[in-house]
Amino acid sequence: MKMHSNHPYHLVDYSPWPLTGAIGGMSLTSGMILWFHKNEMYLFHLGLIILLMTMFQWWRDITREGTFQGKHTIKVVKGLKLGMILFIISEVFFFISFFWGFFHSSLSPTMEIGMNWPPKGIQTFNPLEIPLLNTMILLCSGVTVTWAHHSLMEGKHNQVTQSLFLTVILGLIFTMLQAYEYLESSFCISDSIYGSSFFMATGFHGIHVIIGTTFLLVCLTRHMLFHFSKNHHFGFEAAAWYWHFVDIVWLFLYISIYWWGS
């Protein structure tokens, strides 16, 4: 028997995923401690597998609710948009903490690093080589994801496919170039406050690029399965907002750490 509700809100069904997510998160963090202190990775791998399976199945359920069951009404989508905005704001403050640490150390270098920035012995990257190329790549990806958004609102299915595919490819190229840059680096995360600041800030940004690329790849798959319409495509909008946030953070990273900080 089909139940009809007299309100526009989505009362979430019972789900095992919050519990399995908590178990996976606890296993992952405990596994990292075991890995760091005993060099044993079995618990870390177990936690990672549990988390990945939880995420896949939880998001599958949300896709089903929004696409096929009609539970993402206008009111619900407004709440989802607000939640995504608050999440991005929290991410902004997460990166502000890295910039705070970087400028605190670089504007007034201590005696321990020779009262000099960059510290003596640190050979920095040339900001006009791979970092500039990566900046161009991310700016171009911002253009292609905007192209995809406008094409989706205009009902141009093929153009959305092409532009989203281009965005995913650009995200992958960025990640590969940054991995190459890390391999070629003459310093590591333990080389003074410069190494710590550089790898923490650019490393977490790199993780966000990987997450954003995955997010857009899922949206591309859903688009090809005709999950989105002109008026109902918040899953894609959230991915586009996240990608623009990643772009803006990179611009600040490039200007402050790669260009000014070198």
Side-chain angles (χ1 to χ4, degrees), residues 18 21-22 24-33 35-36 44 47-48 51-52 54-55 58-59 62 79-108 117 125 131 134-135 137-139 141-142 145 167 170-172 174-175 177-179 181-182 185 187-219 234-262:
M26 182 66 179
S27 303
L28 186 75
T29 49
S30 302
M32 285 182 79
I33 294 166
W35 175 23
F36 292 162
F44 174 79
L48 189 62
L51 269 184
L52 289 172
T54 299
M55 287 190 292
W58 200 345
W59 293 336
I62 293 167
L80 291 172
K81 285 183 177 180
L82 181 61
M84 191 66 193
I85 289 165
L86 291 172
F87 168 69
I88 289 172
I89 290 170
S90 73
E91 292 279 277
V92 168
F93 280 94
F94 176 75
F95 278 99
I96 283 173
S97 66
F98 294 134
F99 286 112
W100 189 291
F102 173 78
F103 284 113
H104 173 80
S105 304
S106 59
L107 290 172
S108 181
W117 193 268
F125 291 103
N134 266 344
T135 304
I137 287 168
L138 274 192
L139 289 175
S141 73
V145 82
T167 311
L170 289 169
L172 290 171
F174 177 93
T175 302
L177 283 171
Q178 192 168 34
E181 185 180 68
Y182 279 10
S185 175
F187 59 91
C188 65
I189 196 168
S190 60
D191 282 329
S192 80
I193 186 64
Y194 184 90
S196 301
S197 299
F198 177 86
F199 282 106
M200 283 295 285
T202 60
F204 268 109
H205 177 268
I207 290 167
H208 282 72
V209 170
I210 292 167
I211 293 166
T213 306
T214 308
F215 203 169
L216 290 167
L217 185 60
V218 170
C219 287
F234 175 66
F236 170 76
E237 271 188 310
W241 292 354
Y242 188 83
W243 195 252
H244 287 309
F245 155 73
V246 166
D247 283 357
I248 292 164
V249 169
W250 175 259
L251 287 175
F252 281 98
L253 278 172
Y254 176 74
I255 291 166
S256 59
I257 294 179
Y258 282 101
W259 182 59
W260 180 85
S262 65

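- Relative ring orientation between His205 and Phe95 is described as perpendicular, the plane-to-plane angle rising above 60° on a 0-90° scale split at 30° and 60°.
- Relative orientation of the Tyr258 and Phe198 rings is perpendicular, given thresholds of 30° and 60° on the angle between their planes.
- For the pair Thr175 (side chain) and Gly171 (backbone), a donor-acceptor distance under 3.5 Å is present.
- Classified by interplanar angle (parallel below 30°, tilted 30° to 60°, perpendicular above 60°), the ring pair Phe103/Phe99 is parallel.
- Between the side chain of Tyr182 and the backbone N or O of Gly203 there is at least one donor-acceptor pair closer than 3.5 Å.
- Within the 4.5 Å cutoff, no side-chain heavy atoms of Phe187 are placed close to those of Ser192.
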Leu138/Leu251 under side-chain contact (heavy atoms from CB on, under 4.5 Å): CA gap, chis, key distance, verdict: CA-CA 9 Å; Leu138 274 192; Leu251 287 175; over 6 Å; no

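- Taken to the nearest 0.5 Å, the CH2 atom of Trp241 stands 13.0 Å off from the CZ atom of Phe87.
- Inter-residue side-chain proximity for Asn134 and Tyr254 is flagged as unmet; no heavy-atom pair is nearer than 4.5 Å.
- Separation of atoms OG (Ser27) and CE (Met32) is listed at 13.5 Å; rounding is to 0.5 Å.
- Between Val145 and Phe236, the closest side-chain pair of non-hydrogen atoms falls below 4.5 Å.
- No more than 12 heavy atoms of other residues, nucleotides or ligands lie within 6.0 Å of CH2 in Trp259, so this atom counts as exposed by the packing criterion.
- When every heavy atom of Phe125 is checked against every heavy atom of Ser185, the shortest pair comes out as CZ-CB, 3.5 Å.
- Judged by distance alone, with hydrogens and angles left aside, the side-chain atoms of Ser196 form no donor-acceptor pair with the main-chain N or O of Ile193 at under 3.5 Å.
- Heavy-atom minimum distance, Cys219 versus Gly235: SG-O, 3.6 Å.
- Considering only heavy atoms from C-beta on, Glu237 comes within 4.5 Å of Lys81 through its side chain.
- Across all their heavy atoms, Ala238 and Met84 have their closest contact at O-CE, 3.5 Å.
- For the pair Phe44/Phe36, no side-chain contact is recorded, criterion being any heavy-atom separation below 4.5 Å from C-beta on.
- Contact annotation: the side chain of Phe199 never approaches that of Tyr194 to less than 4.5 Å [non-hydrogen atoms, C-beta and beyond].
- Within the model, atoms CD1 of Ile248 and CD1 of Ile88 stand 9.5 Å from one another, a figure rounded to the nearest 0.5 Å.
- Between Leu51 and Gly21, the shortest heavy-atom distance links the atoms CD2-O, 3.6 Å.
- To the nearest 0.5 angstrom, Leu28 atom CG is 10.0 Å from Trp35 atom CH2.
- Ring planes of Phe204 and Phe94: perpendicular class, angle over 60° (limits at 30 and 60°).
- Ala201 approaches Leu253 most closely through the heavy-atom pair CB-CD2, 3.6 Å.
- When each of Phe245, Phe174, Trp243 is paired with Trp250, the ring-ring contact (aromatic ring centres under 6.0 Å, His included) condition holds for Phe174 and for no other.
- Rounding to the nearest 0.5 Å places CH2 of Trp100 at 9.0 Å from CD1 of Ile96.
- His208 is not listed as a side-chain neighbour of Val249, based on a closest heavy-atom distance of 4.5 Å or more.
- When all heavy atoms of Asp247 and Gly142 are compared, the pair lying nearest together is OD2-CA, 3.3 Å.
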Ring pair (Phe, Tyr, Trp, His ring centres under 6.0 Å) evaluation trace for Trp117 with Phe102: CA-CA 11 Å; Trp117 193 268; Phe102 173 78; 5.7 Å; yes

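- Considering only heavy atoms from C-beta on, Val246 stays 4.5 Å or farther from Ile211 through its side chain.
- Counting only distance, with no hydrogens or angles, the side chain of Thr29 and the backbone of Met26 share a donor-acceptor pair below 3.5 Å.
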